[in-house]
Amino acid sequence: MELSNLTSFHPEYFLLTGIPGLQNLHLLLSIPLSVMYVLDLIGNSILILVIGTNETLQQPMYLFLMMLASCDLLLSSSTVPKTLCIFWFNSHKISFNGCLVQMYLIHFNFGTESAILVSMAYDRYQAICHPLSYATTVTGSLVRKMVVVGLLRSFVSITPFVYLLYRLPYEGGNVIEHTYCEHMSMARLATADILVNVVYGMTLAILATGIDLILIILSYISIIKAVARLRSSEAHAKAFNTCVSHVCVIILFYTPAFFSFIAHRVGHKYVPLQVHILVANLYVLVPPMMNPIIYGVRTREIGHQVVSMFSRRSARRCSEKMFLRK
């Protein structure tokens with residue numbers, strides 16, 4: 001079918017309802033939502049600034065962390081502003097193409113973050129299991145290649161979503177019961193068979209995200225075995241401290257994502273829609289908000305550099321005030 005014929009079956013816009021059944025609480029819910037979003041913006045921006053401007057932090061682990069912070073900013077910023085517009089101004093409309101773009105950004109960022117978490121697990125595996133060869137194995141060149149591969153994988157795997165949704169006719173309703181556009185929430189509005197969409201989405205989740213999670217688990221099994229062989233309690237504590245931040249981020253990232261995936265496909269009969277959408281909103285906000293806090297608190301080098309940066313700025317302001325008084 002030609003594109004010109006396809007577009008005639010597309011609505012001019014979709015209507016995002018927000019959280020069904022909780023419309024009266026939208027204004028109240030917007031308070032924690034906006035606070036978390038501001039913390040997300042501030043925390044991840046500081047993380048990117050600190051790592052990007054300090055030569056001492058130009059190491060693989062911190063470069064991966066900077067990429068993770070960038071993805072977190074893009075993920076939350078592609079969804080939260082529109083959600084707040086719904087809650088504050090009852091701005092429910094989103095164009096068909098705008099919905100496709102938002103859907104693409106959400107899934108692209110999820111795929112990229114998953115790839116970065118695998119890369120970080122490999123980095124920790126090499127650092128703990130093969131410390132003597134770590135510096136020659138995990139180089140700047142390897143980091144760049146891993147990031148490029150992660151981006152390309154997301155591009156190749158997520159781009160078909162656009163075609164799979166664009167080919168469908170939407171001659172029925174145009175109301176999406178959600179705060180943002182997702183692949184399955186759009187596909188369910190189509191007046192045609194969406195089996196291909198369902199199969200491709202599940203296949204992608206199993207082959208991409210599932211394999212990522214398996215690789216992470218295998219990495220940490222090897223790490224646990226290596227740590228168990230260490231005799232020094234100090235070495236045990238150091239290895240544990242190195243990995244605990246990453247493990248917390250992995251749990252925060254995958255848990256709500258898998259809950260949302262299952263609820264979309266098999267759990268919509270058992271999970272209340274309000275719960276599903278609330279968790280979906282927490283998924284795009286809580287991990288991005290918590291990641292800088294976790295790494296800032298657990299990673300001494302980052303915490304020290306953040307304190308040092310603000311101390312220098314505070315000292316500079318004091319000296320400027322002293323100069324102006326003179």
Side-chain angles (χ1 to χ4, degrees), residues 36-37 39-78 108-129 131 134-135 137-151 153-154 209 212-213 215-216 219-220 223 238-257 283-310:
M36 286 190 286
Y37 183 52
L39 291 174
D40 164 26
L41 292 178
I42 294 172
N44 285 294
S45 297
I46 289 173
L47 208 56
I48 293 169
L49 180 64
V50 167
I51 295 172
T53 57
N54 283 275
E55 291 184 5
T56 56
L57 297 179
Q58 300 301 302
Q59 300 172 33
M61 183 178 74
Y62 302 118
L63 294 176
F64 285 132
L65 184 54
M66 187 167 68
M67 278 295 299
L68 189 69
S70 301
C71 285
D72 283 339
L73 281 176
L74 287 172
L75 178 63
S76 57
S77 296
S78 62
F108 181 88
N109 277 295
F110 176 83
T112 305
E113 283 206 39
S114 186
I116 291 170
L117 289 175
V118 173
S119 301
M120 293 174 77
Y122 175 75
D123 174 74
R124 292 301 85 204
Y125 163 77
Q126 287 292 341
I128 293 171
C129 298
Y134 173 75
T137 303
V138 186
T139 61
S141 175
L142 180 65
V143 170
R144 287 190 291 271
K145 287 176 183 176
M146 292 172 83
V147 170
V148 169
V149 168
L151 291 170
R153 188 191 72 164
S154 294
T209 311
D212 286 352
L213 199 53
L215 290 173
I216 290 170
S219 296
Y220 273 94
I223 289 169
K238 187 176 180 181
F240 175 78
N241 189 59
T242 302
C243 296
V244 70
S245 301
H246 188 221
V247 172
C248 290
V249 169
I250 289 168
I251 293 169
L252 278 172
F253 178 76
Y254 283 110
T255 303
Y283 156 66
V284 299
L285 265 176
V286 174
M289 178 190 70
M290 291 301 298
N291 289 352
I293 297 171
I294 291 170
Y295 279 104
V297 171
R298 298 292 311 179
T299 310
R300 187 180 303 171
E301 292 83 356
I302 291 177
H304 174 73
Q305 291 295 340
V306 170
V307 172
S308 178
M309 182 181 73
F310 283 104

(request) Without swapping roles, check the side chain of D40 against the backbone of M36 for a donor-acceptor pair under 3.5 Å. (result) no
(message) Among residues at least two apart in sequence or on other chains, which ones pass side-chain hydrogen bond (donor to acceptor under 3.5 Å, both in side chains) with S77?
(response) Y37
(message) I'd like to check the side-chain contact (heavy atoms from CB on, under 4.5 Å) partners of V118; sequence neighbours left out, ordered by chain and number.
(response) D212, L215, I216
(message) Which residues pass the ring-ring contact (aromatic ring centres under 6.0 Å, His included) test with Y62, not counting sequence neighbours?
(response) none
(request) Go through the side-chain N and O atoms of Y220 and H246 and say whether any donor and acceptor fall under 3.5 Å apart. (result) yes
(request) Kindly compute the distance separating CD1 (I250) from CG (L117), expressed to the nearest 0.5 Å. (result) 5.5 Å
(message) Just to verify, what does L74 make a side-chain contact (heavy atoms from CB on, under 4.5 Å) with, not counting sequence neighbours?
(response) N109
(message) Tell me every residue that passes ring-ring contact (aromatic ring centres under 6.0 Å, His included) with Y122, counting only those two or more places apart in sequence or in another chain.
(response) none
(message) Is it the case that the side chain of R153 and the backbone of T112 share a donor-acceptor pair, with hydrogens and angles ignored and the cut-off at 3.5 Å?
(response) no
(request) Taking side-chain hydrogen bond (donor to acceptor under 3.5 Å, both in side chains) as the test, write out the residues that go with S219, two or more places apart. (result) none
(request) Identify, with sequence neighbours excluded, every residue that meets side-chain contact (heavy atoms from CB on, under 4.5 Å) alongside S45. (result) L73
(request) Report the C-alpha distance between M61 and R124 in whole Å, list the side-chain angles of each, state the deciding distance to 0.1 Å, and finish with yes or no for side-chain contact (heavy atoms from CB on, under 4.5 Å). (result) CA-CA 8 Å; M61 183 178 74; R124 292 301 85 204; 3.6 Å; yes
(request) Working to the nearest 0.5 Å, report the span between CD of Q59 and OH of Y134. (result) 7.0 Å
(request) Locate the shortest heavy-atom distance separating S70 from I48; write the atom from each residue and the value. (result) OG-CD1, 3.6 Å
(request) Verify whether one side chain among Y254 and S114 offers a donor that lies under 3.5 Å from an acceptor in the other. (result) yes
(request) Could you tell me which non-hydrogen atom of P287 sits nearest to which non-hydrogen atom of L252, and how far apart they are? (result) CG-O, 3.3 Å
(message) I'd like to check the side-chain contact (heavy atoms from CB on, under 4.5 Å) partners of L63; sequence neighbours left out, ordered by chain and number.
(response) Q58, M66, V143
(request) Using the test ring-ring contact (aromatic ring centres under 6.0 Å, His included), find all partners of F108 that sit at least two apart in sequence or belong to another chain. (result) Y104
(request) Please round to the nearest 0.5 Å and tell me the distance separating atom CG of L65 and atom CD1 of I51. (result) 4.0 Å
(request) Just jot down the ring-ring contact (aromatic ring centres under 6.0 Å, His included) partners of F253, sequence neighbours excluded, or say none. (result) F110
(message) Checking the side chain of N44 only, and the main-chain atoms of M289 only, is there a donor and an acceptor separated by less than 3.5 Å?
(response) no
(message) Could you measure the distance from the CE atom of M146 to the OG atom of S119? Nearest 0.5 Å is fine.
(response) 3.5 Å
